[in-house]
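Numbers here are sequence positions counted from 1. Predicted model only: the values in this text are computed from it and were never measured.
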Amino acid sequence: MRRLDWTLLDAAGRRDALARPARRSQADVVEGVRAILDDVRARGGAAVTDWAVKLDGHAPRRIAVTPETIAAARDALPPADTRALRVAADNVRVFHQATRPDDTAWVETTAGVRSRLVWRPVGAAGIYVPGGTAPLFSSLLMQAIPAGVAGVDRRVVVTPPARDGSVHPAMILAAAEAGLDALWLIGGAQAIAALTFGAVLDDGEIAPVDKLFGPGNAWVAEAKKQATALAGGPAVDMPAGPSELLVIADRDADPEVAAADLLSQAEHDADAQVILVSPSRTALSEILAAVERQLTTLPRAEVARASLAEGRAILVADLDQACAVSNLYGPEHLSLNVEDADDLVDLITAAGAVFVGRFAAETLGDYAAGPSHVLPTDGGARTLGGLTTASFMTSMSVQTVTPAGAAALGPVAARLARLEGLEAHARAADLRSAG
């Protein structure tokens, strides 16, 4: 991780200090994704299969979630694993049921003129679950369960196969906990293309979806970006690319805990980025030393080390400045590993999820606390929130007007319409106000 002193950096240096890894927007990724999407749009399922074989090593496969496959998956895992997965699923469900938006009460702005907001689920959600080198079944829970709570009628889950073409049994159990009837083994930009354009495959058909969800590597993030830019293309949840974590630590932070948090994100992906910010030189040195010690024992040490090469360790003047730096970066995950961490929350204006205090490990949020771990990356947290039940829904206003309400408000609307030069609008209001 590169060490920097924020107080000594000029504006350009500060921008560079908080820059995302260049690979996320490299031309080869942009052009590669465009080629895949263009091919799938032209050739459909045949192109999806060709790209899947080339990039995943296996043709797309539909895995039915049946009592038999569920029983086999349960038998393949220790009972403690299945219990842990169920606890996580229950917590996710409870949180999202409690935070599902309700239709609002009627609001009468003028006597006889009432309005309210009502919520409806999207018709079809395409849910991308990262996998391949690590089966992220937790991401399935964090998306498919909120979608189910929202009432989405069609949930299409895609995830890369393992290197041998199989699916991890925990992925089957997660799909069962979410109430899915199937999942598709297909990953990368070709999976996003299948969800965007639809595809007839050997194992069945994937129909186009209305909205794309889920985190992924640089290729998946770029595919979502290009898909939603198409005429008539699907909506997307947020920029949810390679993982990010910013840790604010003071001199009292436990170096081993802070280091473990940094590595927990660095091991995700070579494109993941971790940033450490502290007003204490000693804390920076001790935490970086702990990172090196812990790194040597990690099974995914090579991936983590590649990620750490894009990391930063930034010295700041005080904790207020640390929060200001974090807000400029807008991290996906923010860990406040400081004394009196609650006092800093009011200073934070841009973060996907905030973990307050030493015991609020980001890992708890990743797996089992309840809120979804699908969060905006690449600075998206400055204007966007993380995935919620509302992400799978749309709101619309409903208005009712009585004759008295039309008589009272019609002349106002007609006058404003004529002020804008829109006579037809004005006449439509006049007809109501005239009774």
Side-chain angles (χ1 to χ4, degrees), residues 1-4 6 9 12-26 28-30 130 133-134 136 139 214-222 224-225 238-249 258-278 284 287-288 290-292 294-295 298 300-316 322-337 348 350-355 361-363 365-366 373-384 386:
M1 295 178 68
R2 186 150 56 105
R3 292 189 64 157
L4 302 164
W6 189 258
L9 298 176
R14 291 180 173 185
R15 285 194 299 271
D16 179 67
L18 301 181
R20 265 66 181 186
R23 176 174 165 75
R24 298 190 185 186
S25 57
Q26 282 182 348
D28 63 331
V29 174
V30 174
T133 61
L136 301 186
S139 189
N217 61 17
W219 288 75
V220 171
E222 179 62 27
K224 289 172 63 181
K225 180 180 177 181
M238 67 191 80
S243 191
E244 302 167 350
L245 170 66
L246 189 147
V247 175
I248 295 177
D261 285 346
L262 292 166
L263 288 169
S264 73
Q265 294 308 294
E267 74 173 355
H268 262 303
D269 188 317
D271 292 329
Q273 188 173 49
V274 292
I275 294 180
L276 172 63
V277 181
S278 177
L284 288 177
I287 293 169
L288 292 179
V291 166
E292 285 300 319
Q294 293 182 27
L295 184 60
L298 285 180
R300 293 171 64 86
E302 184 177 347
V303 173
R305 195 173 291 281
S307 171
L308 291 170
E310 292 286 353
R312 311 283 191 271
I314 302 174
L315 179 69
V316 291
C323 292
V325 169
S326 178
N327 290 333
L328 284 173
Y329 183 72
E332 177 190 25
H333 306 100
L334 171 61
S335 172
L336 301 179
N337 196 337
I348 301 302
V354 183
F355 303 90
E362 188 275 337
T363 301
D366 259 356
H373 70 200
V374 179
L375 304 164
T377 62
D378 293 323
R382 290 193 292 269
T383 57
L384 296 169

* Indicate yes or no: at least one non-hydrogen side-chain atom of Val277 is less than 4.5 angstrom from one of Arg312. => no

* Contact summary for Val29 and Trp219, nearest pair of heavy atoms -> CG2-NE1, 3.8 Å

* Structure fact -> Nearest heavy-atom contact between Ala361 and Phe355 is O-CD2, 3.9 Å

* Taking atom CZ of Arg14 as the centre, report whether more than 12 heavy atoms of other residues, nucleotides or ligands fall under 6.0 Å from it. => yes

* Answer whether the closest heavy-atom distance between the side chains of Val274 and Leu308 falls below 4.5 Å. => yes

* To do: Specify the closest pair of heavy atoms between Ala304 and Leu298, including all atoms of both residues, with the distance to one decimal.
  => CB-CD1, 4.5 Å

* Which pair of non-hydrogen atoms, one from Asp261 and one from Ser335, has the smallest distance, and what is that distance? -> OD2-OG, 3.8 Å

* Residue pair Ser278 / Ala249: nearest heavy atoms and the distance that separates them -> OG-O, 2.7 Å

* For Pro331 and Leu246, work out which heavy atoms get closest and say how close. => CB-CB, 3.8 Å

* **Side-chain touch Met238/Val374, heavy atoms, less than 4.5 angstrom** => yes

* To do: Would you sort out whether Leu375 and Glu244 count as a side-chain contact (heavy atoms from CB on, under 4.5 Å), showing the intermediate values?
  => CA-CA 10 Å; Leu375 304 164; Glu244 302 167 350; over 6 Å; no

* Give the C-alpha distance, both sets of side-chain angles, the deciding distance and a yes or no for side-chain contact (heavy atoms from CB on, under 4.5 Å) between Gln273 and Tyr329. => CA-CA 11 Å; Gln273 188 173 49; Tyr329 183 72; 2.6 Å; yes

* Decide yes or no for His268 and Asp366: does some side-chain heavy atom of the first lie under 4.5 Å from some side-chain heavy atom of the second? => yes

* Asked: Mind checking whether Glu222 and Val30 have side chains closer than 4.5 Å, heavy atoms only?
  -> yes

* Could you tell me whether the side chain of Pro242 reaches within less than 4.5 Å of the side chain of Pro21, counting heavy atoms only? => no

* Asked: Can you tell me how far CZ of Arg2 sits from CD1 of Ile314, rounded to the nearest 0.5 angstrom?
  -> 9.0 Å

* With a 4.5 Å limit on heavy-atom distance, are the side chains of Leu384 and Pro239 in contact? -> yes

* Sidechain-backbone polar pair: Ser307 side chain, Ala272 backbone, donor-acceptor under 3.5 Å -> yes

* **Cys323 backbone acceptor or donor facing Ser326 side chain under 3.5 Å** => no

* To do: Could you tell me whether the side chain of Arg382 and the main chain of Leu328 form a donor-acceptor pair under 3.5 Å?
  => yes

* Asked: CD/Glu292 to CD1/Ile287 distance, rounded to the nearest 0.5 angstrom?
  -> 13.5 Å

* Please round to the nearest 0.5 Å and tell me the distance separating atom CG of Leu276 and atom CG of Leu4. => 11.0 Å

* Only one of Ile248, Leu262, Leu18, Leu334 forms a side-chain contact (heavy atoms from CB on, under 4.5 Å) with Ile275, so which one is it? -> Leu18

* Are side-chain heavy atoms of Glu332 and Ser243 found at a separation under 4.5 Å? -> yes

